[in-house]
Amino acid sequence: MRLNQNILLLGKKVVLVPYTPEHVPRYHEWMKSEELRRLTASEPLTLEQEYVMQRSWQEDADKCTFIVLDAEKWQAQLGTSEESCMAGDVNLFLTDLGDPTLGEIEVMIAGWDRRVGEGFILQLIPLSLLGGVTKLGLTKFEAKIGQGNEPSIRMFRKLHFEQVAVSSVFQEVTLRLTMSEPERQWLLEQTSHVEEKPYRAGASEPC
């Protein structure tokens, strides 16, 4: 989505940047994992196909993709490449043509240091929601999670998502967060430290 192509969101533990060609080689390495492909319902692609996919995502009007960087690594040394700091990605999908205020959030953490722990995820998701609220005008978010993925279900519940549906066919749970005024205030409190900065591919630098 071109709407986020010039936006960098900087948190204490997490940095969100647009998905650019610079990130494709590392992303391609991640997607060689059968487990990640299973969790993301993805097909194996060649590196060339991965570049084509990146370009299509950038042009997609219904999908906003951010690459997740480990802020500690990214800020540790001037000139550190984004590729070496990549930890995953987050997608916001506009899935309901009849309701442009509803978005589905999908988070993939692949290349992260386990020591970062739960706090990393607990900051990542609100940061992503903030982008959805301020840049896309979303007021409702849904997360579809495999029924067996209890850690992810618990994580989203900690972040005020509530279960609204269960699909026995797809073996997944749907959780939803509606941005009422109290929830919006909670989100602003959770992300009060976040800075928005201009982004230029290949030239973002730690501050």
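All values below were derived from every heavy atom in this structure, side-chain atoms included, with hydrogens, water molecules and symmetry-related copies excluded.
The minimum heavy-atom distance between A110 and W30, with the atom names listed, is CB-CD2, 3.5 Å. The heavy-atom pair separating V15 from W74 by the smallest distance is CG2-CE3, 3.7 Å. Residues A71 and G11 come closest through the heavy atom pair CB-O, 4.0 Å. When all heavy atoms of P126 and L159 are compared, the closest pair comes out as CG-CD2, 3.9 Å.
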Please assess M155 against F161 for the test side chain to side chain contact (heavy atoms under 4.5 Å, CB included), listing each intermediate value before the final yes or no.
-> CA-CA 9 Å; M155 189 78 66; F161 280 73; over 6 Å; no

Could you walk me through whether F66 and D89 pass the side chain to side chain contact (heavy atoms under 4.5 Å, CB included) check?
-> CA-CA 6 Å; F66 282 102; D89 74 348; over 6 Å; no

Kindly indicate, with the supporting measurements, whether the criterion side chain to side chain contact (heavy atoms under 4.5 Å, CB included) is fulfilled by K63 and L94.
-> CA-CA 6 Å; K63 181 177 184 178; L94 305 182; over 6 Å; no

Test side chain to side chain contact (heavy atoms under 4.5 Å, CB included) applied to L127 and L16, step by step | CA-CA 8 Å; L127 190 56; L16 297 185; 3.8 Å; yes

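The CD atom of E72 sits 10.5 Å away from atom SG of C85, with the distance rounded to the nearest 0.5 Å. Remark: K197 NZ to L10 CG distance equals 6.0 Å, nearest 0.5 Å. One distance of note links OH of Y199 with CD of Q5; it measures 11.0 Å at 0.5 Å rounding. Interatomic distance, OG1 of T101 versus CG of D96, reported as 8.5 Å (0.5 Å rounding). Going from atom CD1 of I67 over to atom CD of E82 covers 9.5 Å, rounded to the nearest 0.5 Å. To the nearest 0.5 Å, atoms CG (L36) and CE (M108) are separated by 5.5 Å.
Heavy atoms from other residues, nucleotides or ligands lying under 6.0 Å from CD of Q171 number 12 at most.
No side-chain heavy atom of V133 sits less than 4.5 Å from a side-chain heavy atom of T139. Contact annotation: the side chain of I7 approaches that of E196 to within less than 4.5 Å [non-hydrogen atoms, C-beta and beyond]. Within the 4.5 Å cutoff, side-chain heavy atoms of M53 are placed close to those of L45. Taking 4.5 Å as the limit, every side-chain heavy atom of Q185 sits out of range of all side-chain heavy atoms of Q190. Within the 4.5 Å cutoff, no side-chain heavy atoms of N6 are placed close to those of P198. Side-chain contact between I105 and N91 is absent, with no heavy atoms from C-beta onward closer than 4.5 Å. Side-chain contact between T174 and V166 is absent, with no heavy-atom pair separated by less than 4.5 Å. Between I145 and E172 there is no side-chain heavy-atom pair separated by less than 4.5 Å.
Listed by first then second residue, pairs satisfying salt bridge (charged side-chain N to carboxylate O under 4.0 Å, His left out) with a partner in residues 37-47 read E35-R38, not counting sequence neighbours. Residues in residues 123-152 take part in no ring-ring contact (aromatic ring centres under 6.0 Å, His included) pair, two or more places apart or across chains.
F93 and V68 are assigned to two separate hydrophobic clusters, defined by single-linkage of ILVMFWY side chains at heavy-atom distances under 4.5 Å. When hydrophobic clusters are built by joining Ile, Leu, Val, Met, Phe, Trp and Tyr residues whose side-chain heavy atoms come closer than 4.5 Å, directly or via intermediates, V164 is not grouped with I153. Both V90 and L3 sit in one connected hydrophobic cluster of ILVMFWY residues. Membership requires side-chain heavy atoms under 4.5 Å apart, directly or through other members. Grouping the Ile, Leu, Val, Met, Phe, Trp and Tyr side chains by contacts below 4.5 angstrom, directly or via other members, places L102 apart from V107. Under a hydrophobic-cluster definition in which Ile, Leu, Val, Met, Phe, Trp and Tyr are linked whenever side-chain heavy atoms come within less than 4.5 Å, directly or via other members, M31 and L47 are assigned to the same cluster.
Between the side chain of Q49 and the main chain of T46, a donor-acceptor pair closer than 3.5 Å is present. With hydrogens and angles ignored, the 3.5 Å screen pairs a side-chain donor or acceptor of S84 with a backbone N or O of S81. The backbone N or O of L177 lies less than 3.5 Å from no partner atom in the side chain of E162, so there is not a single donor-acceptor pair. Distance alone, capped at 3.5 Å, is enough to place a donor-acceptor pair between the Q123 side chain and the K12 backbone. A side-chain donor-acceptor contact under 3.5 Å links N4 to the backbone of T65. Under the 3.5 Å distance criterion, the side-chain polar atoms of T191 are left unmatched by any main-chain donor or acceptor of V194.
Ring geometry for W57 versus Y27: interplanar angle over 60°, hence perpendicular rather than tilted (30 to 60°).
Of the N and O atoms on the side chains of H23 and E83, not one donor lies less than 3.5 Å from an acceptor on the other residue. Side-chain N/O atoms of K140 and T178 include no donor and acceptor closer than 3.5 Å. When only modelled atom types and interatomic distance are considered, Q163 and R157 share a side-chain donor-acceptor pair under 3.5 Å.
A side chain to side chain donor-acceptor pair (under 3.5 Å) with K32 is found for one member of H28, E34, E29 and no other, namely E29.
When the ring pair (Phe, Tyr, Trp, His ring centres under 6.0 Å) test is applied to H160, the partners found at least two apart in sequence or on another chain are W186.
Using a 4.0 Å cut-off between a side-chain N of Lys or Arg and a carboxylate O of Asp or Glu, K13 and D70 do not qualify as a salt bridge.
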